[in-house]
Amino acid sequence: MSTRLEHLRSAREQKLTALRQAGIDPFGAPYPDRTPAADLHTAHANTSGEALDDAPVGVRVAGRIISLRPQGKAGFAHIQDGTGRIQLYLRLPELDPASALTWENLDLGDHVGAEGHLMRTRTGELTVRTTHLTMLAKALRPLPDKHAGLQDREERYRSRHLDLLTNSESRAVFAARSRIIAAIRRTLDGEGFLEVDTPILVPLAGGAAARPFLTHHNALDRDLSLRIATELHLKRLVVGGIERVYEIGRIFRNEGLSTRHNPEFTTLEAYQAYAGYREIMDLTERLIQAAALATNGTLQAGELDFSGPWRRITMAEAVRQQTGIDFTTLTTDEEARAAVADAGLSAGAATGATWGALLAHLFETHCEAALIQPTFVIGHPVETSPLARRDPHDPRLTERFELYVLGRELANAFSELNDPIDQRARFEAQLAERAAGNSEAHPLDEDFLAALEVGLPPTGGLGIGIDRLVMALTGAPAIRDVILFPVLRES
RNA sequence: GGACCGCUAGCUCAAUGGUAGAGCAUCCGACUCUUAAUCGGACGGUUGAAGGUUCGAGUCCUUCGCGGUCCA
């Protein structure tokens with residue numbers, strides 16, 4: 001810590017000591033019966049100064065000092081509470097000794113309570129003419145620049161309290177995040193879904209293609225992982241007869257950091273018995289439209305238009321449009337590899353690549369980024385969809401969709417694979433991939449297979465990345481802007 | 001993992017290789033309707049870290065750290 005910061009701090013500590021010596025607690029008692037600033041502005045929007053003088057309105061307000069303009073024997077200040085700002089005006093000779101001492105030892109950032117009556121200044125600003133000023137909490141560190149706010153992005157992530165304090169856009173994003181999650185919960189609850197909590201600590205992390213965080217339980221002397229998805233547990237609940245079930249929860253994937261990736265993030269997963277991916281598509285529209293309305297009051301968000309029905313396109317058609325390769329006319333892996341090579345495109349997984357792997361690869365590299373407006377992509381190859389039901393009309397494909405917005409995957413859903421024999425075979429194919437070096441291949445989960453053998457009804461399942469949804473709806477450029485405390489390197 | 005950009009006072013930002021500055025904040029003083037209050041004065045720096053080139057480095061070079069952007 002530099003000498004300068006110490007100097008700033010010691011000035012505040014001296015004031016704190018002065019208050020203590022006068023018997024004033026700088027970290028004061030609760031301050032009940034206050035009126036939020038926004039309520040005062042609303043209630044008195046049309047009350048004239050004369051009316052306030054003729055029939056005084058007594059008020060108590062509380063908040064943080066964000067500007068301070070002493071003026072001889074009088075003074076002005078603005079306080080900010082959770083709802084907004086209001087100005088204080090006081091005249092020193094009218095204050096009791098404790099209030100006067102509090103004023104003299106006030107700093108930007110202090111929490112105060114003010115009691116008085118409402119007035120309007122010459123310029124018409126609604127103001128609390130203060131007669132009693134109470135120190136509620138002294139701030140020992142200075143606030144960031146009062147006009148520019150905290151600009152340094154790193155500091156905004158590392159000191160989120162300062163970011164929230166000084167950047168109203170940041171507060172707005174997190175308020176929107178809360179409304180989005182509430183809207184999703186409200187919609188699902190309204191449709192008869194039961195919200196549950198499933199384990200975060202699991203013996204085997206499955207339900208997605210990702211590497212888990214590993215940990216250890218000492219008492220059981222057992223290695224455990226942090227979940228990478230909620231899928232397998234939720235499907236076990238559907239086996240157990242909970243026909244509509246969902247979880248909004250944190251999941252953890254041991255991967256890198258980027259503007260779209262944080263190692264812990266929030267997903268919604270919802271499962272509906274006797275439904276298929278078509279019904280889930282409609283549910284997805286309802287959920288995201290409710291979230292959009294909760295965010296902006298409309299189905300528009302910047303350049304995005306969430307009014308439905310949304311565009312639907314098969315993965316093969318998207319690839320055909322972008323690359324000219326028509327996978328529906330290719331029947332074997334060899335043909336697919338030859339077509340990709342003829343087109344002069346990078347084959348990705350090169351030599352051993354299958355028809356499905358090539359289709360998925362070309363979609364990822366050539367199509368995703370162009371899907372700006374909400375678009376359902378359907379017809380995913382079975383290789384990349386180990387938990388999805390096979391398409392009865394084309395066994396190379398699954399009954400699955402992904403929702404793309406702004407070139408990013410926002411939701412992923414399918415008719416769940418409920419055939420335990422096929423599921424075991426898919427797991428074994430994944431084990432072969434793992435043996436071939438794919439560390440993200442799905443593990444074989446015997447507990448889950450045992451549940452499937454008891455009988456999972458036909459079920460539609462949905463996963464939505466809540467953080468990316470918040471990004472899309474608020475226009476936040478990075479996932480770190482929608483997660484309060486993102487993972488960062490050690491400073 | 002790669003390329004590029006950034007890191008200077010508590011905060012926001014300046015500074016052709018030639019004395020490290022401004023605004024806000026802080027401190028002292030003046031001021032009873034100010035609101036980016038005003039006026040007078042003062043304090044405040046290991047320029048992210050370590051090396052190097054140079055008579056002289058915030059600036060040029062190397063390595064490293066942290067962050068950002070774009071790729072993988």
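Chain naming here is simple, since letters A, B, ... match the order of the sequence lines and numbering starts at 1 in each. Predicted, not measured: the structure shown is a model, and the values here were computed from it.
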Quick one: pull up [atom1] in [X] and [atom2] in [Y] and give me the separation to the nearest 0.5 Å.
| X | Y | atom1 | atom2 | answer |
| --- | --- | --- | --- | --- |
| A:Leu19 | A:Leu106 | CG | CG | 9.0 Å |
| A:Thr267 | A:Arg468 | OG1 | CZ | 12.0 Å |
| A:Leu40 | A:Arg85 | CG | CZ | 16.0 Å |

Pick base, sugar-phosphate or nothing for [X], based on heavy-atom distances below 4.0 Å to the nucleic acid.
| X | answer |
| --- | --- |
| A:Arg129 | nothing |
| A:Arg489 | sugar-phosphate |
| A:Leu92 | nothing |
| A:Glu155 | nothing |
| A:Gln151 | sugar-phosphate |
| A:Gly256 | nothing |

Between [M] and [N] - [atom1] atom distance, rounded Å:
| N | M | atom1 | result |
| --- | --- | --- | --- |
| B:U8 | B:U59 | P | 13 Å |
| B:G67 | B:C61 | P | 23 Å |
| B:G10 | B:C70 | P | 31 Å |
| B:U54 | B:A9 | C1' | 28 Å |
| B:A36 | B:C11 | C1' | 14 Å |
| B:U47 | B:G17 | C1' | 15 Å |
| B:G6 | B:U12 | C1' | 15 Å |
| B:U46 | B:G58 | C1' | 13 Å |

Once you round it to whole Å, what is the distance between [atom2] of [N] and [atom1] of [X]?
| X | N | atom1 | atom2 | answer |
| --- | --- | --- | --- | --- |
| A:Ile86 | B:U34 | CD1 | P | 18 Å |
| A:Arg122 | B:U32 | CZ | P | 13 Å |
| A:Lys15 | B:C27 | NZ | C1' | 9 Å |
| A:Phe76 | B:C31 | CZ | C1' | 12 Å |
| A:Leu162 | B:U12 | CG | P | 10 Å |
| A:Leu257 | B:G67 | CG | P | 8 Å |
| A:Leu126 | B:U34 | CG | P | 17 Å |
| A:Arg12 | B:A25 | CZ | P | 12 Å |

Closest listed nucleotide, where the reference is the side chain of [X] and the choices are [options]:
| X | options | result |
| --- | --- | --- |
| A:Leu8 | B:U12, B:G10, B:C33 | B:G10 |
| A:Ala148 | B:U12, B:A25, B:C27 | B:U12 |
| A:His7 | B:U34, B:C27, B:U32 | B:C27 |
| A:Ala11 | B:U12, B:U32, B:U26 | B:U26 |

(message) Looking at B:G67, I'd like to know if its phosphate oxygens (OP1 or OP2) sit under 4.0 Å from a side-chain N or O belonging to A:Arg158.
(response) yes
(message) Would you say A:Arg69 places a side-chain N or O within less than 4.0 Å of OP1 or OP2 belonging to B:U34?
(response) no
Decide, yes or no, whether a salt bridge links [X] with [Y] under the criterion of side-chain N to carboxylate O below 4.0 Å.
| X | Y | answer |
| --- | --- | --- |
| A:Glu94 | A:Arg129 | yes |
| A:Asp467 | A:Arg177 | yes |
| A:Asp152 | A:Arg158 | no |
| A:Arg320 | A:Asp326 | no |

(request) Determine, step by step, whether A:Tyr277 and A:Phe414 satisfy the ring pair (Phe, Tyr, Trp, His ring centres under 6.0 Å) criterion, reporting the C-alpha distance in whole Å, the side-chain angles of both residues, the deciding distance to 0.1 Å, and the verdict. (result) CA-CA 5 Å; A:Tyr277 77 116; A:Phe414 32 86; 9.7 Å; no
(message) If you assign A:Gln87 and A:Leu150 each to the RNA chain B nucleotide with the nearest heavy atom, which residue ends up on the more 5' nucleotide?
(response) A:Leu150
(request) Starting from the 5' end of RNA chain B, give me the residue, A:Gly149 or A:Arg91, whose nearest nucleotide shows up first. (result) A:Gly149
(message) Quiz question: going by heavy-atom distance under 3.5 Å, is there a donor-acceptor pair between the base of B:G23 and the side chain of A:Asp145?
(response) yes
(message) Using 30° and 60° as the class boundaries, would you call the ring planes of A:Phe327 and A:Trp355 parallel, tilted or perpendicular?
(response) perpendicular
Give every pair of a protein N or O atom and an N or O atom of nucleotides 68-71 of chain B that lie under 3.5 Å apart, one pair per line with the distance.
unit_1: B:G68; atom_1: OP1; unit_2: A:Arg480; atom_2: NH1; d: 2.2
unit_1: B:G68; atom_1: OP2; unit_2: A:Arg480; atom_2: NH1; d: 2.8

(request) Treating a pair as Watson-Crick (purine N1 to pyrimidine N3 plus N6-O4 or O6-N4) or G-U wobble (N1-O2 and O6-N3) with both distances under 3.5 Å, list the stems of 3 or more consecutive pairs that involve RNA chain B. (result) B:1-7 with B:65-71, B:10-13 with B:21-24, B:26-30 with B:38-42, B:48-52 with B:60-64
(request) Output all residues satisfying side-chain hydrogen bond (donor to acceptor under 3.5 Å, both in side chains) with A:Asp96, sequence neighbours left out; order by chain, then residue number. (result) A:Ser99, A:His132
(request) Determine, using ring centers only, whether A:Phe363 and A:Tyr404 are less than 6.0 Å apart. (result) yes
(request) Looking only at non-hydrogen atoms, find the nearest pair between A:Asp81 and A:Ala37 and report the distance. (result) OD2-N, 2.8 Å
